[in-house]
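Notes for the one structure printed next.
Given the structure is predicted, the values throughout are model-derived calculations rather than measurements. Proteins get letters first, then strands, A, B, ... in listed order; numbering begins at 1 in each.
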There are 2 protein chains.
Amino acid sequence: MKLSLNDYISIFIHQTDLSLTSYVKSQLAPFNLAPEQNLIMMLLWEKDGRNQNEISEILLKDKTNIARMVVNLEKKGFIKRVSSEKDRRSLQLFLTPKGKELGSSIIPITNDFNKLVCKGLTEKELNEVRRILSKMCENVQ
Amino acid sequence: MKLSLNDYISIFIHQTDLSLTSYVKSQLAPFNLAPEQNLIMMLLWEKDGRNQNEISEILLKDKTNIARMVVNLEKKGFIKRVSSEKDRRSLQLFLTPKGKELGSSIIPITNDFNKLVCKGLTEKELNEVRRILSKMCENVQ
DNA sequence: AAAAAATAGTTGCTATAACAACTTTAATTA
DNA sequence: TAATTAAAGTTGTTATAGCAACTATTTTTT
């Protein structure tokens with residue numbers, strides 16, 4: 001039996017991800033910040049001085065991507081990369097004043113975004129969707 | 001109140017998408033076919049002779065992406081692009097013998113993949129997750 | 001029929017994502 | 001201690017994703 005595209009749950013999830021990402025991208029664009037760059041900034045607003053490797057482990061992303069994203073964040077003037085004294089291989093990431101200031105604008109936006117996404121959904125439904133998506137991830141581990 | 005990264009449902013959905021896509025990518029790699037290229041092939045296995053614009057409308061993707069993907073599919077020898085006689089602006093996509101043959105290998109793999117993703121989940125849960133994700137998409141329209 | 005608007009596709013740009021191969025430095029082992 | 005192994009980051013390549021601006025056609029207006 002041949003399935004049509006919409007029968008594939010992974011395609012449905014992918015489309016959902018694209019919709020949500022596209023929206024958050026438009027919200028962040030005025031601040032010259034891309035969605036994944038924002039995730040790195042969020043980790044630094046929480047605690048700065050982390051190195052690239054820590055970032056890549058937390059975000060479950062390849063270190064090459066993180067390296068390129070932090071280069072861009074540095075070009076934009078939001079962070080500075082400083083060679084660690086303890087381990088000369090590693091680069092610590094520090095917020096610039098501009099980067100610190102950005103947080104006060106962005107954090108409310110991301111919170112509002114999350115509220116909007118969850119609008120009309122109950123806690124129970126949100127837990128349910130997390131549980132089911134987790135199960136799907138486990139299935140392909 | 002500051003949320004931690006995992007509290008953002010969109011980030012959770014994004015990670016799920018990456019996990020699933022990564023798995024299907026590894027399954028398709030031996031056939032020299034990438035996941036999104038496969039979606040185009042699936043549409044052509046269903047009915048070939050479609051033009052690029054039809055593909056981009058069905059897949060809800062930018063026409064530039066489709067153009068580049070079909071160029072790659074043509075380079076790989078799976079399809080041929082033929083200028084339409086009715087409308088000289090448009091390119092119709094036709095399967096090559098190699099492209100037709102590929103379908104018999106790939107379609108079972110994608111069906112198995114969908115079964116694996118859904119393993120241990122009930123019809124009710126799958127409908128529920130689709131309903132909730134649809135609601136989230138609506139929220140950001 | 002001529003002018004304007006719409007459509008199909010392309011090129012250039014930026015961003016995300018992961019893999020392989022590489023350099024430099026640190027930690028481990030022999 | 002010297003040799004090996006591991007770790008942190010970088011560079012190159014391929015694929016996906018969307019925006020702006022462009023060419024070449026076709027359709028619609030005037």
Side-chain angles (χ1 to χ4, degrees), chain A residues 10-11 13-41 50-76 81-93, chain B residues 10-11 13-29 31-41 50-57 59-76 81-93:
Chain A
S10 62
I11 294 174
I13 293 168
H14 185 61
Q15 300 287 12
T16 303
D17 178 39
L18 288 179
S19 282
L20 300 182
T21 301
S22 163
Y23 181 83
V24 80
K25 188 178 169 187
S26 72
Q27 295 284 297
L28 296 177
F31 300 93
N32 191 24
L33 197 63
E36 299 295 324
Q37 291 169 0
N38 184 42
L39 298 189
I40 295 173
M41 292 303 288
R50 302 183 201 252
N51 65 31
Q52 296 185 188
N53 197 52
E54 286 172 63
I55 302 280
S56 82
E57 280 173 359
I58 296 172
L59 297 181
L60 303 171
K61 283 185 201 307
D62 193 277
K63 59 188 176 166
T64 52
N65 303 322
I66 301 299
R68 284 171 178 131
M69 286 191 263
V70 298
V71 166
N72 285 331
L73 287 172
E74 192 172 41
K75 278 183 193 159
K76 291 178 180 183
R81 295 191 299 160
V82 179
S83 192
S84 166
E85 290 178 6
K86 289 178 198 159
D87 183 341
R88 304 217 318 279
R89 292 170 301 181
S90 95
L91 291 171
Q92 289 184 281
L93 309 182
Chain B
S10 62
I11 294 174
I13 293 168
H14 185 60
Q15 301 288 12
T16 303
D17 178 39
L18 288 180
S19 283
L20 300 182
T21 301
S22 163
Y23 182 83
V24 80
K25 188 178 168 186
S26 71
Q27 295 284 298
L28 296 177
F31 300 92
N32 191 24
L33 197 63
E36 298 295 324
Q37 291 169 0
N38 183 43
L39 298 189
I40 295 174
M41 291 303 289
R50 301 183 201 252
N51 64 32
Q52 299 186 186
N53 197 53
E54 286 172 63
I55 301 281
S56 81
E57 279 174 0
L59 297 182
L60 304 171
K61 283 184 200 306
D62 193 277
K63 58 188 177 167
T64 51
N65 304 322
I66 301 300
R68 284 170 178 131
M69 287 192 263
V70 298
V71 166
N72 284 332
L73 287 171
E74 192 172 40
K75 278 183 193 159
K76 291 179 180 183
R81 296 190 298 161
V82 179
S83 192
S84 166
E85 290 178 5
K86 289 178 197 158
D87 185 340
R88 303 216 320 280
R89 293 169 303 180
S90 96
L91 291 171
Q92 288 184 281
L93 309 182

Practice item. Can you check whether any acceptor in the base of C:dA26 is under 3.5 Å from a donor in the side chain of A:R89, or vice versa? Key: no

Check your understanding: Closest nucleotide of DNA chain D for B:A34 versus for A:D87: which of these residues is on the 5' side?
Key -> A:D87

Exercise for review: Take the protein atom CG of A:L39 and the nucleotide atom C1' of C:dT16, then report the distance between them rounded to whole Å.
Suggested key: 11 Å

Review point. With distance as the sole test, does A:S26 use its side chain to make a donor-acceptor pair with the main-chain N or O of A:Y23 at under 3.5 Å?
Key: yes

Check your understanding: In whole angstrom, what separates A:R50's CZ from D:dA8's C1'?
Key -> 17 Å

Practice item. Respond yes when some side-chain nitrogen or oxygen of A:R88 is under 4.0 Å from OP1 or OP2 of D:dA8, and no when none is. Key: no

Review point. Between B:I13 and B:S10, is any pair of side-chain heavy atoms under 4.5 Å apart?
Key: no

Point to revise | Near-strand residues of residues 52-70 of chain A, defined as heavy-atom separation under 4.0 angstrom from DNA chain D | key: A:Q52, A:N53, A:K63, A:T64, A:A67, A:R68

Study note, to complete from the structure: Side-chain atoms of B:Q37 come closest, of C:dT24, D:dA15, C:dT16, to D:dA15

Study note, to complete from the structure: From CG of A:L18 across to P of D:dA17 the rounded distance in Å is 6 Å

Exercise for review: Can you tell me the distance, in whole Å, between the CG atom of A:L28 and the C1' atom of D:dC19?
Suggested key: 16 Å

Review point. What are the two closest non-hydrogen atoms of B:Q52 and B:I66, and how far apart are they?
Key: O-CG2, 3.8 Å

Review point. Under the salt bridge (Lys or Arg N to Asp or Glu O under 4.0 Å) rule, what pairs show up with a residue in residues 17-39 of chain A, not counting sequence neighbours?
Key: A:E36-A:K61

Practice item. Take the protein atom CG of A:L93 and the nucleotide atom C1' of D:dG9, then report the distance between them rounded to whole Å. Key: 11 Å

Exercise for review: Report which part of the nucleic acid A:K75 touches: base, sugar-phosphate, or nothing (heavy-atom distance under 4.0 Å, all strands).
Suggested key: nothing

Exercise for review: State, with a plain yes or no, whether a side-chain heavy atom of B:L93 is found less than 4.5 Å away from one of B:V70.
Suggested key: yes

Point to revise | Donor-acceptor contact present, side-chain A:E74 to main-chain A:R81, <3.5 Å | key: yes

Review point. Can you check the B:L20 CG to C:dA17 C1' distance for me, whole Å?
Key: 15 Å

Review point. Can you tell me how far the CG atom of A:L39 sits from the CE atom of A:M69, to the nearest 0.5 Å?
Key: 8.0 Å

Practice item. Please state how far atom CG in A:L73 lies from atom C1' in C:dA15, giving the value in whole angstrom units. Key: 12 Å

Practice item. Please determine if a side-chain N or O atom of B:R81 lies less than 4.0 Å away from the OP1 or OP2 oxygen of C:dA8. Key: no

Exercise for review: Using atom CD1 of A:I11 as one end and atom P of D:dA17 as the other, report the distance to the nearest whole Å.
Suggested key: 11 Å

Study note, to complete from the structure: Comparing nearest nucleotides in DNA chain C, the 5'-proximal residue of the pair B:L91, A:P35 is B:L91

